Peer 1: 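Attaching a single structure in structure tokens format; questions to follow.
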There are 2 protein chains.
Amino acid sequence: MPKGTLTRDEVLDTAAGLVKRHGPQALTMRGLAAELGTAVTSIYWHVGGREALLDALVERTVAGLGEIRPAGGTPEQRVVSVACALRRQLRDHPHLVALVHERGLTERMFLPAQQVLVREARAAGLRGARAAEFVRAVQFQVVGHVLVERNRERAPVQSPGEEELWSAETTGADPALARALARPVDTERLFVTSVRALVGALLTPSGT
Amino acid sequence: MPKGTLTRDEVLDTAAGLVKRHGPQALTMRGLAAELGTAVTSIYWHVGGREALLDALVERTVAGLGEIRPAGGTPEQRVVSVACALRRQLRDHPHLVALVHERGLTERMFLPAQQVLVREARAAGLRGARAAEFVRAVQFQVVGHVLVERNRERAPVQSPGEEELWSAETTGADPALARALARPVDTERLFVTSVRALVGALLTPSGT
DNA sequence: ACCTGAACACCGTTCAAGT
DNA sequence: ACCTGAACACCGTTCAAGT
């Protein structure tokens, strides 16, 4: 329900709704114009072309993501909680992940957790380049996991008949292993295990 | 240089060349037909529509990926070497990563390292569900990292002026940390560090 | 069995023209 | 300053028609 004059925010709002409902590939300039009740070319005047529109949507969504607060007693617990919170945020906005990928703005998904992670890294005793590497490792881990998760969900019934591949031979006569590999992945559990392992190892340096 | 009659393989070859040179979004049915010197509709007869074409290309590339052989003395070293080899393979075929993402076939990128990882997990003493989870953790880690890497490379000069964000306040008066965060990420180093941490932690269980 | 052109229903973007 | 329609140069896919 647009008022008399078209606004940049109005355009972004309707665009966001369209993406939220049907994904970024469903966001067409012509479709958006129809939804807005204007000519296609008006969109160009207010926000520019499609790429500029997507970029604006990404910025908008990231900005609206709400702060992440660490929870837990030990530094390790706190960092893990941040990782889980970031994953949850991203999973709660699947369209954001899709948008970000279409525009190559992965970096933006790092932002919500960035400062908190820096703080926690220092609280855990890390300094300088080591602290920076720790922050990056967690960011890559979380965002990478979410990207893989999201991508898998788009391909239903993937690699069928894989159970056959896991014969006694390749699994070394370990039927429990064969069964586990045939089952769908419990991504939630896998995520927590991985993050815990990574964070634990990086926070308790044994060598160097 | 097509012979008199058009072949499915010929179509796939030219399509692969097109993708390799200009990326998957440059692979258009009409452009491919032009390159082949045939009518667009011939492609439909031989390989089906665009999505079927992309799927065929993914399968083809993965099949041609060469076996991964672990190297090193300890199980940890061997698994890390497999992870590095898989990453290298995927990075050497950036078009494959792009293809896979456009079609949601992430799972296919797991395959080259799958059996080797299962073997190494068992060699390291893991059994049943624990072994399966270990394999998945490494796969998610590697593929996730590659997805993030690839995606970042598409957005040049990302987040400029970020150095300003890392003032003394947020970094806790750690200029080395601020500088490290302002620098571009050394993804190679980050990858090795992360994988080593993950694998090391998962192979030497302390709790449970 | 294989290949064709024409047609359909879409795209994003530009540009001159309106008010 | 803001909005418009027409036009350009593309898409993927279908289908009836050819040989």
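Quick note on labels: first sequence line is chain A, next is B, and so on, each numbered from 1. All of these numbers come straight from a predicted model, not from anything done at the bench.
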Peer 1: Please pick, from C:dA6, C:dC3, D:dG5, the nucleotide with the shortest atom-to-atom distance to any side-chain atom of B:Thr5.
Peer 2: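 Closest nucleotide to the B:Thr5 side chain: C:dC3.
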Peer 1: Pick from B:Thr14, B:Leu18, B:Leu99: which one makes a side-chain contact (heavy atoms from CB on, under 4.5 Å) with B:Leu27?
Peer 2: B:Leu18
Peer 1: Could you give the distance separating C:dA9 and D:dA9 at their P atoms, to the nearest angstrom?
Peer 2: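 Comparing P positions in D:dA9 and C:dA9 gives a spacing of 23 Å.
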Peer 1: Whole Å only: how far is the OH atom of A:Tyr44 from the P atom of D:dT4?
Peer 2: 15 Å
Peer 1: Keeping the roles fixed (side chain from A:Arg87, backbone from A:Val146), state whether a donor-acceptor pair exists under 3.5 Å.
Peer 2: no
Peer 1: For D:dT4, take OP1 and OP2 only and decide whether either is under 4.0 Å from a side-chain N or O of A:Ser42.
Peer 2: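 Affirmative; the distance criterion is met.
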Peer 1: For A:Arg108 and A:Val100, indicate whether the former's side chain and the latter's backbone hold a donor-acceptor pair under 3.5 Å.
Peer 2: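 Not confirmed, A:Arg108 side chain does not pair with A:Val100 backbone.
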Peer 1: Which of the following nucleotides, D:dG12, D:dT4, D:dC15, is nearest to the side chain of B:Met29?
Peer 2: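 It is D:dG12.
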Peer 1: Considering heavy-atom distances to DNA chain D, does B:Gly48 or A:Val40 have its closest nucleotide positioned more toward the 5' end?
Peer 2: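 So the residue in question is A:Val40.
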Peer 1: What are the two closest non-hydrogen atoms of A:Glu102 and A:Pro24, and how far apart are they?
Peer 2: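 Of all heavy-atom pairs spanning A:Glu102 and A:Pro24, the closest is OE1-CB, 3.6 Å.
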Peer 1: Return the value, rounded to whole Å, for the distance between atom CZ of A:Arg30 and atom C1' of D:dC11.
Peer 2: 12 Å
Peer 1: Quickly work out the A:Leu36 CG to D:dC2 P distance and round it to whole Å.
Peer 2: 16 Å
Peer 1: How many Å lie between CG on A:Leu27 and C1' on C:dT13, as a whole number?
Peer 2: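 Taking CG of A:Leu27 and C1' of C:dT13, I get 15 Å after rounding.
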Peer 1: Atom CD of B:Gln25 and atom P of D:dC10: how far apart are they, to the nearest Å?
Peer 2: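 After rounding, the reported distance stands at 15 Å.
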Peer 1: Would you kindly give the CZ-to-C1' distance between B:Arg50 and C:dC11, to the nearest whole Å?
Peer 2: 13 Å
Peer 1: Side chain of A:Trp45, heavy atoms from C-beta onward: which of C:dC3, D:dT4, D:dA1 has the nearest atom to it?
Peer 2: D:dA1
Peer 1: Does the separation of the ring centres of B:Phe191 and A:Phe140 fall below 6.0 angstrom?
Peer 2: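 No.
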Peer 1: Starting at CG of A:Leu54 and ending at C1' of C:dG12, how long is that distance when rounded to a whole Å?
Peer 2: 12 Å
Peer 1: Tell me the partner of C:dC15, counting only Watson-Crick (N1-N3 plus N6-O4 or O6-N4) or G-U wobble (N1-O2 and O6-N3) with both under 3.5 Å; none if nothing fits.
Peer 2: D:dG5
Peer 1: Please report, rounded to the nearest Å, how far the P atom of C:dC2 is from the CZ atom of B:Arg8.
Peer 2: 13 Å
Peer 1: Specify the residue among B:His46 and A:Thr28 whose closest nucleotide of DNA chain C lies further upstream toward the 5′ end.
Peer 2: B:His46
